[in-house]
There are 2 protein chains.
Amino acid sequence: MGATKTDQFTNRQNELATLSKALGHPARIAIIEFLLKTDACICGDIVNQLPLAQPTVSQHLKELKTAGLIKGTIEGNAICYCINDTIWYKYRGLLNFLFENYELKNNKCCYKNIKPKGL
Amino acid sequence: MGATKTDQFTNRQNELATLSKALGHPARIAIIEFLLKTDACICGDIVNQLPLAQPTVSQHLKELKTAGLIKGTIEGNAICYCINDTIWYKYRGLLNFLFENYELKNNKCCYKNIKPKGL
DNA sequence: TTTATTCATTGCAATATTACGATAAATAAA
DNA sequence: TTTATTTATCGTAATATTGCAATGAATAAA
């Protein structure tokens, strides 16, 4: 075992899980934030921003790229990374589906059938 | 190695990463969706909804609980799970921070300094 | 061409995740 | 009390993630 049973879930569930997982590391959050707030998205700048070695950053960039959240363009001997806005908006859309199609029923859940202990 | 360097990132980055990571599996997305759309959040119902064995579901529930996204209340010999709305709104807030404080500069990134190849 | 710069890849060790059978713990039902 | 129901935990196997030194590949600069 050890492999996620992807085929047992919907595409939407898998897609949101994949994108969430890609953001499931503080370094990758930091990378996304850096790319969101700056035009200068040369790989070296990202490496300098993070408290991690260059190969480690490269690996995180690869994961974000695999998830589709970022893309890279060759510029001379450097590589310019940026947010992939198509997937970024898709991610927002998947989250909005979750946030807007349901209404939290705070006081109806977990308490309706409680029998007080000790009575 | 193998352990995330949590102390090198901000609380906000770590919190968003932790919550994102908790949602980084389709089964946990499915659990959250089920809890969002129903009042009946007895653990057994969740197990029946998922294509996974009971111990595996229990483990996913534990991860969501550890991240703070859900909470459980004992009801007789069953346990009623529900969304922890405090953390749920915190998650939404952390995401909104990301979505609203930055503006995608689609056409300014990755193309401004490109020297056409072959010229 | 030679050297420097930039980034990816490889290889490895440590740790974490995913999944489930078996079993334990706790309450409910008979 | 005995049995059933419900959920958590343990143990284990397979796989994935995290991190980095060393190295490779590619372009830039000298």
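Residue numbers start from 1 in every chain, and the chains themselves are labelled A, B, ... in the order their sequence lines are given, proteins ahead of strands.
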[N] [atom2] sits how many Å from [X] [atom1], rounded?
X: N14(A); N: dT18(C); atom1: CG; atom2: P; result: 13 Å
X: L52(A); N: dA8(C); atom1: CG; atom2: P; result: 15 Å
X: K21(A); N: dT18(D); atom1: NZ; atom2: C1'; result: 13 Å
X: I74(A); N: dA28(D); atom1: CD1; atom2: P; result: 10 Å
X: H25(B); N: dT17(C); atom1: NE2; atom2: P; result: 12 Å
X: N48(A); N: dT5(C); atom1: CG; atom2: P; result: 14 Å

Just jot down the side chain to side chain contact (heavy atoms under 4.5 Å, CB included) partners of [X], sequence neighbours excluded, or say none.
X: Q8(A); result: K5(A), P51(B)
X: A78(A); result: I42(A)
X: K62(A); result: T66(A)
X: T56(B); result: L52(B), A53(B), H60(B)

ask   = Are the charged groups of R28(A) and E33(A) less than 4.0 angstrom apart, N to O?
value =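 No salt bridge links R28(A) with E33(A).
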inquiry  = Please check: side-chain N/O of T18(A) versus main-chain N/O of N14(A), any donor-acceptor pairing under 3.5 Å?
reply    =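 A pair under 3.5 Å: yes.
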inquiry  = Can you see if the side chain of H60(B) gets near the phosphate of dT17(C) - specifically, an N or O under 4.0 Å from OP1 or OP2?
reply    =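 Result: no.
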Between protein and nucleic acid, restricted to nucleotides 7-9 of chain D and to nitrogen or oxygen atoms under 3.5 Å apart, what atom pairs and distances do you find?
unit_1 : atom_1 : unit_2 : atom_2 : d
dT7(D) : OP1    : C43(B) : N      : 3.4
dT7(D) : OP1    : G44(B) : N      : 3.4
dT7(D) : OP1    : I79(B) : N      : 3.2
dT7(D) : OP2    : G44(B) : N      : 2.8
dA8(D) : OP1    : Y81(B) : OH     : 2.3
dA8(D) : OP2    : S58(B) : OG     : 2.8
dA8(D) : N7     : Q54(B) : NE2    : 2.7
dA8(D) : N6     : Q54(B) : OE1    : 3.0

ask   = Is a side-chain donor-acceptor pair under 3.5 Å present for Q13(A) with T10(A)?
value =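 Yes, side-chain donor-acceptor contact under 3.5 Å.
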Angle of first-five versus last-five pair axes in the helix from dT1(C)-dA30(D) to dA30(C)-dT1(D), to 10 degrees =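 The helix from dT1(C)-dA30(D) to dA30(C)-dT1(D) shows an end-to-end axis angle of 20°.
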With L35(B), the side-chain contact (heavy atoms from CB on, under 4.5 Å) member among L69(B), I83(B), L64(B) =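 Exactly one pass, corresponding to I83(B).
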